[in-house]
Amino acid sequence: MEVFEGNPFGKAVWNLVWKLPVMKRGKPGTPIEFGDVAHVLRKNIEQIYGNEPSVDGAPLAEGEVSSMTDGTAFLGLYQYFRKYGPVYKLCFGPKSFIVLSDPTIIKHVLKTNNAAYDKGLLAEILEPIMGKGLIPADNETWKVRRRAIVPAFHQQWLEHMISLFGGCSDVLMQKLDGLAATKTDVDMENLFCSVSLDIIGKAVFNYPFDSVTKESPVIQAVYSVLKEAEHRSVTPLPYWNLPLANLVVPRLRKFKADLKVINDVLDELIEKARNSQEVTDLEDLEKRNYNKVGDASLLRFLVDLRGEDTSNKQLRDDLMTMLIAGHETTAAVLTWALFEISQKPDVRAKLQAEVDRVLGDRMPTLEDIKAMQLVRFSVAESLRMYPEPPLLIRRALEDHTLPKGTAGFEPRIIRGCDIFISIYNLHRDPDLWPKPDNFDPERYLRPHSNKAKYPDWAGFDPAQVTGLYPNEVAADFAMLPFGGGARKCVGDQFATLEATVTLAMLLRRFDFDFVGRPEDVGMFTGATIHTRNGLKMTPRRRVPAPPAATPPPATTVIDRELQPQGA
């Protein structure tokens, strides 16, 4: 290796540094240590400044892309994808990320070889907020918590939740009725955030936020913490870890105060649930008549489950994770679904005809949701075009090689390497999805494949859509609305039911006109894809057609129970 330009010490001293004990790499499969991260930086420095061969073999993304710094980094990653292909390396100085956009390679990372990764950078960002909740948890903690939480999403409980979704959404409909009567403009993104927060509050820990109709310090604290999570997700330097930063930096002092407001509420609810604990076997919990219990929350389930010996801290972490993840994503899905539907009168007409025929103005049931195929597929299409989140983050726990897919080479991943799985690139790839920028919920009725470009990809098969939405199985990992593999979102069925209920009730009763131009809405991202300027619209009360006497059967085969498929 030649002496780096500007390096006065030369090769000998450079190599000596890496023999220091602090630079020692950890054992494969164990948590990442300082030496592992330093080793990745070393290889990048040697490649970029020392003209050494690339360890990973990936092309180095270069050139100014404005969206990398304007709050839409996922769009910048898409531009690099079109230029450099499905595997490339993105560097910020010596810090790097391997960006993946090929379904075959992504399937290997998320499913085939998922044990070789943890959440890495994501866990570091979210740990102060979510602790060891399911999303940021290390692999061992995740295994334990998943076994406890997944049974809570059983069919009896999910069916009961549908009535909760309808009740909270009806409050939203009443508010829109008043706005429509006075022809008042409203930011629908804010209203979707409110209704999804109300639903999560009741479903997860039996707390009435009532944010559609009022404001409170708790609600404001939740929103502030969400903003801080987004801020940390796009900030390269973790200044919040510096000594005394929580005392000196104003936004960190506010974050600490907001977190205390939420924690005080969660601690009170956990203590209340423990004081009224009724320890019960899992089988009995799954048979509960949730229509006759005063508290049907996930918190109640976890407290009452026999053998679930969990600390208040772990329960708090679990609840905080569900609060943030469940609230943000559903609000975004509804926002972008309405944004797209309102620009497509033909799609809107088909959806409203389906809702009129199946539902009418009564509260939805599970059978109604199964029958409203196009509404469900519109939720899925919103997640395809605007994935929440647009990136999945992983960190390699061992040295290994990825399949080449369409990259043309087998990328070598070293322990400590950070990986971006670009869901946005995957979902907007025209070689995987015909006309990917077109909102088309009926695309999931049509099979398609592309053996010329993706010979190892099985294609999309509608016959494999056996649940509520087209998932990674039906699309062979070309679509990941809720992730894939072992750590897939446990709330996938919950979120799909929730969004379908709210969207169906909305389409039944209202039409919407944009305030200004659709292109003025813009995009901005942190943890999820938001509008940049709000979704400002004017609601209009519509006169729907009368519903059919008997709802038609679902046209999609839904042959499995409503159970989460991963975590």
Side-chain angles (χ1 to χ4, degrees), residues 71 119 121-137 187 189-212 214-235 237-242 245-270 297-299 312-333 335 388-389 391 393 489 491 495 524-531 534:
K119 293 297 185 78
L121 180 64
L122 181 67
E124 294 172 3
I125 292 170
L126 295 179
E127 192 277 335
I129 302 170
M130 299 181 183
K132 288 187 176 291
L134 269 184
I135 292 177
D187 183 351
E189 184 174 35
N190 280 344
L191 288 185
F192 286 140
C193 285
S194 295
V195 72
S196 62
L197 181 61
D198 289 349
I199 288 171
I200 286 294
K202 291 291 288 182
V204 173
F205 39 83
N206 196 37
Y207 186 84
F209 281 111
D210 296 330
S211 63
V212 170
K214 68 179 184 183
E215 292 187 4
S216 77
V218 179
I219 295 169
Q220 293 307 312
V222 169
Y223 284 136
S224 294
V225 167
L226 289 171
K227 291 296 183 185
E228 179 62 22
E230 292 179 352
H231 169 72
R232 295 186 179 197
S233 71
V234 296
T235 302
L237 177 66
Y239 63 86
W240 46 87
N241 290 332
L242 296 174
N246 287 334
L247 301 176
V248 176
V249 181
R251 73 172 298 132
L252 296 183
R253 291 202 304 269
K254 184 178 187 311
F255 169 67
K256 185 177 180 180
D258 289 331
L259 208 55
K260 184 178 186 305
V261 170
I262 302 171
N263 283 337
D264 287 347
V265 171
L266 294 181
D267 290 343
E268 180 181 345
L269 292 171
I270 291 169
S297 67
L298 282 173
L299 170 60
N312 283 13
K313 172 66 167 61
Q314 184 62 61
L315 279 174
R316 175 263 175 212
D317 292 348
D318 293 338
L319 298 181
M320 181 69 84
T321 300
M322 293 181 215
L323 169 64
I324 291 180
H327 162 257
E328 276 280 89
T329 53
T330 305
V333 169
T335 296
E388 313 294 347
L391 293 172
I393 301 175
C489 174
F524 185 83
T525 189
T528 57
I529 304 176
H530 298 282
T531 68

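Computed from a predicted model, the values in this text were never measured in an experiment.
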Checklist line | Rounded distance [0.5 Å steps], CG in N312 versus CG in L269 | finding: 11.5 Å
Note to self: Side chains of I529 and E388, heavy atoms from C-beta outward: is any pair under 4.5 Å?
What the structure shows: yes
Next item on the list: Could you tell me which residues satisfy side-chain contact (heavy atoms from CB on, under 4.5 Å) with K254, sequence neighbours excluded, listed by chain and number?
Entry: S224, D258
Note to self: I'd like to know whether L319 forms a side-chain contact (heavy atoms from CB on, under 4.5 Å) with I270, so could you lay out the CA-CA distance, the side-chain angles of the two residues, the decisive distance to 0.1 Å, and finally the verdict.
What the structure shows: CA-CA 10 Å; L319 298 181; I270 291 169; 4.0 Å; yes
Notebook entry, point to check: Does E328 use its side chain to pair, donor to acceptor, with the backbone of T528 at less than 3.5 Å?
Noted result: no
Show the atom names and distances, to 0.1 Å, of all donor-acceptor pairs under 3.5 Å that link a side chain in residues 199-209 to residues at least two apart or in another chain.
from	atom 1	to	atom 2	distance (Å)
K202	NZ	N206	OD1	3.4

Margin query: Could you check whether any side-chain N or O of T330 sits under 3.5 Å from a backbone N or O of H327, counting only pairs where one atom can act as donor and the other as acceptor?
Written below: no
Item checked: Side-chain heavy atoms of V261 within contact of Q220, under 4.5 Å -> no
Next item on the list: Rounded to the nearest 0.5 Å, what's the gap from CE on M322 to CG on L134? Could you check?
Entry: 6.0 Å
Next item on the list: Please report the closest heavy-atom contact between W240 and A245, naming both atoms and the distance.
Entry: O-CB, 4.1 Å
Note to self: Under the salt bridge (charged side-chain N to carboxylate O under 4.0 Å, His left out) definition, can you give me all pairs with a residue in residues 313-325, not counting sequence neighbours?
What the structure shows: R145-D318, K313-D317
Next item on the list: Might you point out which heavy atoms bring T531 and G534 nearest each other, and give the distance in Å?
Entry: OG1-N, 2.8 Å
Checklist line | Qualifying residues under side-chain hydrogen bond (donor to acceptor under 3.5 Å, both in side chains), relative to N246, sequence neighbours excluded | finding: none
Next item on the list: Write down the atom of P136, the atom of L126, and the distance for their closest heavy-atom approach.
Entry: CB-CB, 4.0 Å
Checklist line | Nearest heavy-atom neighbours spanning S196 and A331 | finding: OG-CB, 3.6 Å
Checklist line | K214 versus I219, closest heavy-atom pair with distance | finding: O-CD1, 3.7 Å
Notebook entry, point to check: Of all heavy-atom pairs between I324 and V225, which one has the smallest distance, and what is that distance?
Noted result: CD1-CG1, 4.0 Å
Checklist line | A325: partners by side-chain contact (heavy atoms from CB on, under 4.5 Å), with sequence neighbours left out | finding: I135
Checklist line | Residue list, side-chain contact (heavy atoms from CB on, under 4.5 Å) with Y239, at least two apart or on another chain | finding: H231, T235, L242, V249, R251, L252
Next item on the list: Measure the CD1-CD1 distance between I262 and I129 for me, rounded to the nearest 0.5 Å.
Entry: 9.0 Å
Next item on the list: Any chance you could lay out the side-chain contact (heavy atoms from CB on, under 4.5 Å) test for L323 and L197, step after step, and finish with the verdict?
Entry: CA-CA 8 Å; L323 169 64; L197 181 61; 3.7 Å; yes
